[in-house]
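The block underneath contains the structure these notes are about, expressed in structure tokens.
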Amino acid sequence: DTEVTQTPKHLVMGMTNKKSLKCEQHMGHRAMYWYKQKAKKPPELMFVYSYEKLSINESVPSRFSPECPNSSLLNLHLHALQPEDSALYLCASSQAGQGAVFSGKLFFGSGTQLSVL
Amino acid sequence: AQKITQTQPGMFVQEKEAVTLDCTYDTSDQSYGLFWYKQPSSGEMIFLIYQGSYDEQNATEGRYSLNFQKARKSANLVISASQLGDSAMYFCAMRERGGGFKTIFGAGTRLFVKA
């Protein structure tokens, strides 16, 4: 199984809503990532979890709250978002051993297209 | 400072011909990896090929090859025998040993394959 599964595929939410994005992988990867991608731009790293611990937060606003309940799951909790947060949110995973720091290829999910009204 | 540079916003290639997508990078780390990812209009990012900084041979994966010129800090992707399904966005990316699992992406090149 080489899949990263993201749900939902599409999400429309108001600025006062609370919602969550979910990501699941069963490849035994111990590094998991959230990326944000605006149209025609490269993905921007938001968070990295390594061995279920948050290892990188790229100064993301607190209205985005990540969670890694176990080695297979990654959530992104959304609250009080702004219209400029509308984007494609991509989850990815990779191996997390020492050599994988610079050699680990990313396996991506198909993303959640988020629209904030 | 821009660490990954892709200077071709868009490229056209005739079906069945080869095409080269350019990528230059900047790092002071001795240990790093270079990657190419493909993103079709469906949105999913697909890994294509990897080259490690210590690898002496250019990487190849089927129709994809990576022209690695370490001294020039370039890692160009060559796609042979282009197919209509190759039309997509292509991102060059890098991970550094000192980067702590960060993958840095270039701006991307949109490839159009003509029938």
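Hydrogens, waters and symmetry mates are skipped; everything else that's a heavy atom, side chains included, is used. Letters A, B, ... are given to chains in the order of the sequence lines, protein chains preceding strands, and every chain is numbered from 1.
To the nearest 0.5 Å, the span separating CD on B:Glu44 from CD on A:Gln6 amounts to 9.0 Å. A distance of 13.0 Å separates SG of A:Cys91 from CE of B:Met45, quoted to the nearest 0.5 Å.
Taking 4.5 Å as the heavy-atom cut-off, none of the residues of residues 9-20 of chain B approach chain A. Residues of residues 56-72 of chain A having a heavy atom under 4.5 Å from any heavy atom of chain B, listed by number: A:Ile56, A:Glu58. Within residues 109-117 of chain A, the residues that have a heavy atom under 4.5 Å from a heavy atom of chain B are A:Gly109, A:Ser110, listed by number.
Not one N or O on the side chain of A:Tyr33 forms a donor-acceptor pair closer than 3.5 Å with the backbone of B:Thr103.
For B:Gln39, the part lying near chain A is the side chain, with the backbone staying farther off; criterion is any non-hydrogen pair under 4.5 Å. Only the backbone of A:Lys41 comes within contact range of chain B, judged by heavy atoms closer than 4.5 Å. With a 4.5 angstrom heavy-atom cutoff, A:Ala92 does not touch chain B via any of its atoms. For chain B, the nearby part of A:Leu45 is the side chain; its heavy atoms alone come within less than 4.5 Å.
Counting heavy-atom pairs under 4.5 Å between each of B:Lys102, B:Met94, B:Gln51 and chain A puts B:Lys102 at the top. Among B:Glu96, B:Arg97, B:Met89, the residue making the largest number of heavy-atom pairs under 4.5 Å with chain A is B:Arg97.
Minimum interatomic distance between B:Phe101 and A:Val48 (heavy atoms only, all atoms of both residues): CB-CG1, 4.0 Å. B:Gly106 and A:Pro42 make their closest contact through O-CB, 3.2 Å (heavy atoms, listed as atom of the first residue, atom of the second, distance). Between A:Phe108 and B:Phe105, the closest heavy-atom pair is CZ-CZ, 4.0 Å.
Counting non-hydrogen atoms of other residues, nucleotides and ligands closer than 6.0 Å to CD of B:Gln57 gives a total of 12 or fewer. Counting heavy atoms of neighbouring residues, nucleotides and ligands inside a 6.0 Å radius, atom NZ of B:Lys73 exceeds 12 of them.
One hydrophobic cluster, built from ILVMFWY side chains closer than 4.5 Å, holds both B:Tyr37 and A:Leu90.
Contact of the A:Ser94 side chain with the B:Arg95 side chain is registered, since non-hydrogen atoms from C-beta on lie closer than 4.5 Å. The shortest distance between side-chain heavy atoms of A:Lys105 and B:Phe47 falls below 4.5 Å.
Residue pairs that meet the disulfide (SG to SG under 2.5 Å) test with at least one member in residues 25-65 of chain B, sequence neighbours left out, do not exist here.
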